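Working notes for the structure below.
Because the structure is predicted, anything quoted here is derived from the model rather than measured. The first residue in the sequence is number 1, and the count goes up from there.
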Amino acid sequence: MKPKEEVMKNRMRKPLRILLKTLGAIAIAIVLFLAIVFIVNVFATKSEQGKIEPYGQHVSVDGKNMNVLIQGEGEETIVLLPGFGTATPALDFKLLIDQLSPIYKVVAVEPFGYGLSDGTEKERTTENIVGEVHEALQQLNINRYMLMGHSIAGIYGIDYVSKYPNEVTAFVGIDSSVPTQPGMDVKLPIKKLEFLKKSGLLRMMMKLGADPYASLAFDDKTVEQMKMISYKNMNNDTALNEMGHISSNFKGAHDLTFPKDLLLLLFVQANNEGVAGWIPLHEGQIKDSVHGKVITLDGSHYLHHTKFKEIAENVRLFMSEAK
């Protein structure tokens, strides 16, 4: 008969072996799951490359292709700039472009890393982004225009108009960022976002998440294209580099203001609970303007998804009044 101590040891080893086997099985399951997600993402990405339909035209900037969509033949030109992370700007702005283009020539610029534009290894500072957009417009012989921007384009836009005051006739913000808004010094989890992209987990999360285009007025084909381009562009290397510069880009714009004589129209989300004093921040931007106006609209941060008719009509009225 075995000694009592050895019997006790055997009894203790059994649950430990079960635990180790269980942990091993879980680890293998996780590895297999990640491998499957990765492989599915690789094959889906390759499949989608052949299904993405080109739109707009390519312009050479710094030896790379920047995609630009031009619609409408109006005498006045509006240049559209996207918010950060808008994977396919020209299509995302489609509902608004369709409203504006009967009156204006509308130029939707897709900066590097966005839409059908190339990526770039050049640092995503405000200076570089603004310079690249301006070079694209120069290549197209577009020298006089209203600048209309969503979200972070408020930061790039305020720098843009200070650099090219003789070209920009007005700035129109669509829930545009303000240099002094709080919370922009937060450190973002760039490495984690990079892992989500390259592992394929981001695609899975986007597929399982709520449909961002549900109940919106986009047609099915446009939605399908936007989703495929989003899988391609979300958290790409260029976008993550821009994310890493967000805090410094806000700091760089902190002391900038729009010129007093610049026509300034700001559409602002009426119920933004995420940023303290959102409406007063924008009212502060127009307080010294000779012709400035803030219009609050009920809707999400992407106001142009639902309030495209109101935005287009108010731009027309505002410009008419200014004349």
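Annotation for P111 and M66: closest pair CA-CE, 4.2 Å, computed over non-hydrogen atoms. What you find for S289 and L264 is that their closest heavy atoms are OG-CD2, 3.5 Å. Taking both residues in full, the closest heavy atoms of D98 and P102 are given as O-CD, 3.3 Å, listed atom of the first, atom of the second, then distance. The shortest heavy-atom contact between N241 and K122 is OD1-O, 4.3 Å. The shortest non-hydrogen separation linking P182 to V275 is CD-CG1, 3.9 Å. In terms of heavy atoms, W278 sits closest to S177 at CH2-CA, 4.2 Å.
Under a hydrophobic clustering in which Ile, Leu, Val, Met, Phe, Trp and Tyr are joined whenever their side-chain heavy atoms come within less than 4.5 Å, directly or via other members, L95 and L80 fall into the same cluster. The same ILVMFWY cluster, assembled from side-chain heavy atoms under 4.5 Å apart, contains both F112 and V68. In the hydrophobic clustering of this structure, L137 does not group with L100; members are Ile, Leu, Val, Met, Phe, Trp, Tyr whose side-chain heavy atoms approach within less than 4.5 Å, directly or through other members. No continuous path of ILVMFWY side-chain contacts below 4.5 Å connects M319 to I286, so the two sit in separate hydrophobic clusters. Cluster membership for I70 and F93, using ILVMFWY side-chain heavy atoms within less than 4.5 angstrom, is not shared.
Residues meeting the side chain to side chain contact (heavy atoms under 4.5 Å, CB included) test with K309, sequence neighbours left out: Q99.
Q269 and D298 share no donor-acceptor pair across their side chains, judged by distance under 3.5 Å alone. Side-chain contact, T86 with Y302: a donor N or O sits under 3.5 Å from an acceptor N or O. Side chains of D92 and H304: a donor-acceptor N/O pair is present below 3.5 angstrom, by distance only. There is no side-chain donor-acceptor pair under 3.5 Å between Y55 and Q71.
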Full working for side-chain contact (heavy atoms from CB on, under 4.5 Å) between Y104 and M146: CA-CA 10 Å; Y104 303 99; M146 287 179 264; 3.5 Å; yes
Salt bridge (Lys or Arg N to Asp or Glu O under 4.0 Å) between R316 and E313, worked out: CA-CA 5 Å; R316 187 189 65 78; E313 179 61 16; 2.6 Å; yes
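Counting heavy atoms of neighbouring residues, nucleotides and ligands inside a 6.0 Å radius, atom CG of D220 does not exceed 12 of them. Annotation for E127: atom CD does not count as buried by contact number, only 12 or fewer foreign heavy atoms lying within 6.0 Å. Residue K232 places its NZ atom among more than 12 non-hydrogen atoms of other residues, nucleotides or ligands, all under 6.0 Å distant.
Note that NE2 of H245 is 15.5 Å distant from CD1 of I155, once rounded to the nearest 0.5 Å. In this structure, OG1 on T88 lies 11.5 Å from NZ on K94, to the nearest 0.5 angstrom.
D118 contributes a side-chain N or O that, together with a main-chain N or O of N65, makes up a donor-acceptor pair within less than 3.5 Å. Looking only at distances, a side-chain donor or acceptor of N236 sits under 3.5 Å from a matching main-chain atom of T238.
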Could you go through residues 156-173 and list every donor-acceptor pair under 3.5 Å that involves a side-chain atom there, pairing it with any protein atom two or more places apart or in another chain?
| residue | atom | partner | partner atom | Å |
| --- | --- | --- | --- | --- |
| Y156 | OH | E242 | OE2 | 2.6 |
| D159 | OD1 | K163 | NZ | 3.0 |
| D159 | OD2 | K163 | NZ | 2.7 |
| Y160 | OH | Y145 | OH | 2.7 |
| S162 | OG | D159 | O | 2.6 |
| E167 | OE1 | H134 | NE2 | 3.1 |
| E167 | OE1 | Y145 | OH | 2.7 |
| E167 | OE2 | H134 | NE2 | 2.8 |
| T169 | OG1 | Y145 | O | 3.3 |

